[in-house]
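This report concerns only the one structure given below.
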Amino acid sequence: MEPELARILEGLRRARGRVVALTGAGISAESGIPTFRGADGYWVVGSRNYMPQEMATREMFDRSPEEVWRWYLYRFGACRLAQPNAGHAALVRLESALGDRFTLVTQNIDGLHRRAGSKRVYCIHGDAAYVRCADECGVGLLDLPELPARGKDDPFTGADRERLTCASCGAWLRPHVLWFDEYYDEPNYRMDSTLRAAAAADLLLVVGTSGATNLPMQVGQIAFARGAALVDVNPEPNPFAELADRSPRGFFARGSACQRLPEIVEALGAGAA
Ligand SMILES: [Zn+2]
């Protein structure tokens with residue numbers, strides 16, 4: 001490990017500091033989960049090719065709920081066989097060591113942190129394992145109904161429609177994910193809790209995220225403004241790496257989550273794998 005990074009982490013370990021880990025698509029990519037941002041996310045409806053940024057919207061769901069659900073069921077099927085990796089496992093060890101001094105904030109909806117064993121997790125973009133009433137009638141979060149995995153061309157069936165109907169009010173159930181034309185909030189996406197955790201963090205550990213969305217960047221800015229330590233784990237330069245470079249206790253730990261997290265959490269006192 002680079003001496004400067006070791007020195008930053010050693011200081012945090014001695015001070016028994018609070019740690020917020022912020023994870024993004026990079027850590028899931030190492031488990032083989034596609035990002036669905038490029039060609040693998042395109043979806044043909046009629047004669048038109050839709051981008052993920054058009055499919056994952058409330059507007060599209062209101063217009064074509066069956067198409068949006070077909071797209072999600074296809075995506076969820078592609079994620080089903082993925083397993084948590086060494087990066088996820090390292091964050092579980094860190095939580096075991098720090099207890100309430102640890103908070104995990106993730107942009108990933110694939111549930112891999114939960115499946116790895118993380119408990120203190122805020123899923124700020126939702127969690128694909130759950131659905132909720134599209135009319136918000138008050139039924140809360142429900143488990144995603146058991147539906148067969150399917151290919152791109154499989155039709156949406158009457159049985160699908162039935163399983164994806166709110167038993168309480170008869171409206172559609174929707175995926176418990178934040179869409180591009182929706183806003184972060186506390187009840188569904190833990191926005192306030194996330195900002196509070198960021199404001200109390202002694203270390204912000206950013207993993208595999210490019211900072212493209214608004215709340216993660218706010219978390220980075222809060223930690224930076226407070227002078228918290230800031231470690232960015234990423235194979236590529238990105239806005240969080242720039243923040244880390246400008247921070248007196250910042251470090252850009254170049255590499256993937258699986259490569260860098262095991263040694264980082266060990267230096268924070270979490271014990272070896
Ligand atoms: Zn309902």
Side-chain angles (χ1 to χ4, degrees), residues 1-9 11-12 17-31 33 35 37-38 85-88 90-91 94-95 98 101-110 112-113 118 120-125 178 180 184 189-191 193-265 267-268 270:
M1 176 182 291
E2 301 87 341
E4 191 189 345
L5 178 56
R7 185 180 54 75
I8 293 169
L9 299 176
L12 288 154
R18 289 182 178 277
V19 176
V20 170
L22 170 66
T23 65
I27 192 168
S28 294
E30 285 183 276
S31 286
I33 294 204
T35 61
R37 297 262 167 172
N85 60 48
H88 297 102
L91 292 175
L94 188 57
E95 179 175 0
L98 302 186
R101 290 187 288 125
F102 178 79
T103 306
L104 176 53
V105 176
T106 186
Q107 299 165 260
N108 302 330
I109 64 167
D110 49 53
L112 287 176
H113 285 300
S118 290
R120 295 162 174 88
V121 190
Y122 298 151
C123 295
I124 58 171
H125 292 167
L178 180 69
F180 285 101
Y184 291 104
Y189 306 112
R190 310 304 301 274
M191 179 174 85
S193 301
T194 294
L195 293 173
R196 266 199 304 276
D202 298 298
L203 164 66
L204 176 63
L205 177 58
V206 183
V207 184
T209 183
S210 59
T213 53
N214 151 314
L215 182 58
M217 209 59 229
Q218 265 189 67
V219 167
Q221 296 286 0
I222 289 170
F224 177 77
R226 290 183 60 253
L230 213 171
V231 174
D232 181 48
V233 177
N234 203 307
E236 302 295 335
N238 68 87
F240 291 105
E242 283 167 33
L243 267 189
D245 280 343
R246 284 165 48 209
S247 165
R249 283 191 302 150
F251 197 86
F252 176 26
R254 197 154 187 164
S256 77
C258 289
Q259 289 165 344
R260 303 306 308 257
L261 281 184
E263 60 175 356
I264 287 173
V265 306
L268 287 168

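N238 contributes a side-chain N or O that, together with a main-chain N or O of E236, makes up a donor-acceptor pair within less than 3.5 Å. No donor-acceptor pair under 3.5 Å is formed between the side chain of R120 and the backbone N or O of E95. Side-chain atoms of D202 come within 3.5 Å of backbone N or O of R18 as a donor-acceptor pair. Proximity of a side-chain donor or acceptor of R254 to a complementary backbone N or O of P235 within less than 3.5 Å is detected. Looking only at distances, a side-chain donor or acceptor of T194 sits under 3.5 Å from a matching main-chain atom of R190. N85 places a side-chain N or O within donor-acceptor distance of the main-chain N or O of H88, the cut-off being under 3.5 Å. A donor-acceptor pair under 3.5 Å links the side-chain atoms of R101 to the main chain of G17, judged by distance alone. Counting only distance, with no hydrogens or angles, the side chain of D245 and the backbone of G250 share no donor-acceptor pair below 3.5 Å.
Residues L204 and G220 share a closest heavy-atom pair of CD2-CA, 3.7 Å. Counting all heavy atoms, side chain and backbone alike, T103 lies closest to Y122 at CG2-CE1, 3.6 Å. Closest heavy-atom contact between A257 and I27: CB-CG1, 3.7 Å.
Of the residues L104, T106, V105, the one that meets the side-chain contact (heavy atoms from CB on, under 4.5 Å) test with C123 is T106. The residue from N108, L261, T209, V233 that alone fulfils the side-chain contact (heavy atoms from CB on, under 4.5 Å) condition with T23 is N108. In summary, of the residues considered (Y189, F180, Y184), a ring-ring contact (aromatic ring centres under 6.0 Å, His included) with H125 occurs for Y184 alone.
Residues satisfying the side-chain hydrogen bond (donor to acceptor under 3.5 Å, both in side chains) test with R249, not counting sequence neighbours, are none. Partners of E263 according to the salt bridge (Lys or Arg N to Asp or Glu O under 4.0 Å) rule, which considers only residues two or more places apart in sequence or in another chain, are R260. Applying the side-chain hydrogen bond (donor to acceptor under 3.5 Å, both in side chains) criterion to D110, with sequence neighbours excluded, gives S28. Every residue was checked against the ring pair (Phe, Tyr, Trp, His ring centres under 6.0 Å) condition with F251, not counting sequence neighbours, and none meets it. Under the side-chain contact (heavy atoms from CB on, under 4.5 Å) criterion, A198 pairs with V219, I222, sequence neighbours left out. The side-chain contact (heavy atoms from CB on, under 4.5 Å) test applied to S256 returns E30, C258, Q259, not counting sequence neighbours.
Under a cutoff of 6.0 Å and an axis angle of 45°, R246 and F224 form a cation-pi pair.
Side-chain contact check for Q218 and N214: at least one donor-acceptor pair (N or O, by modelled atom type) lies under 3.5 Å.
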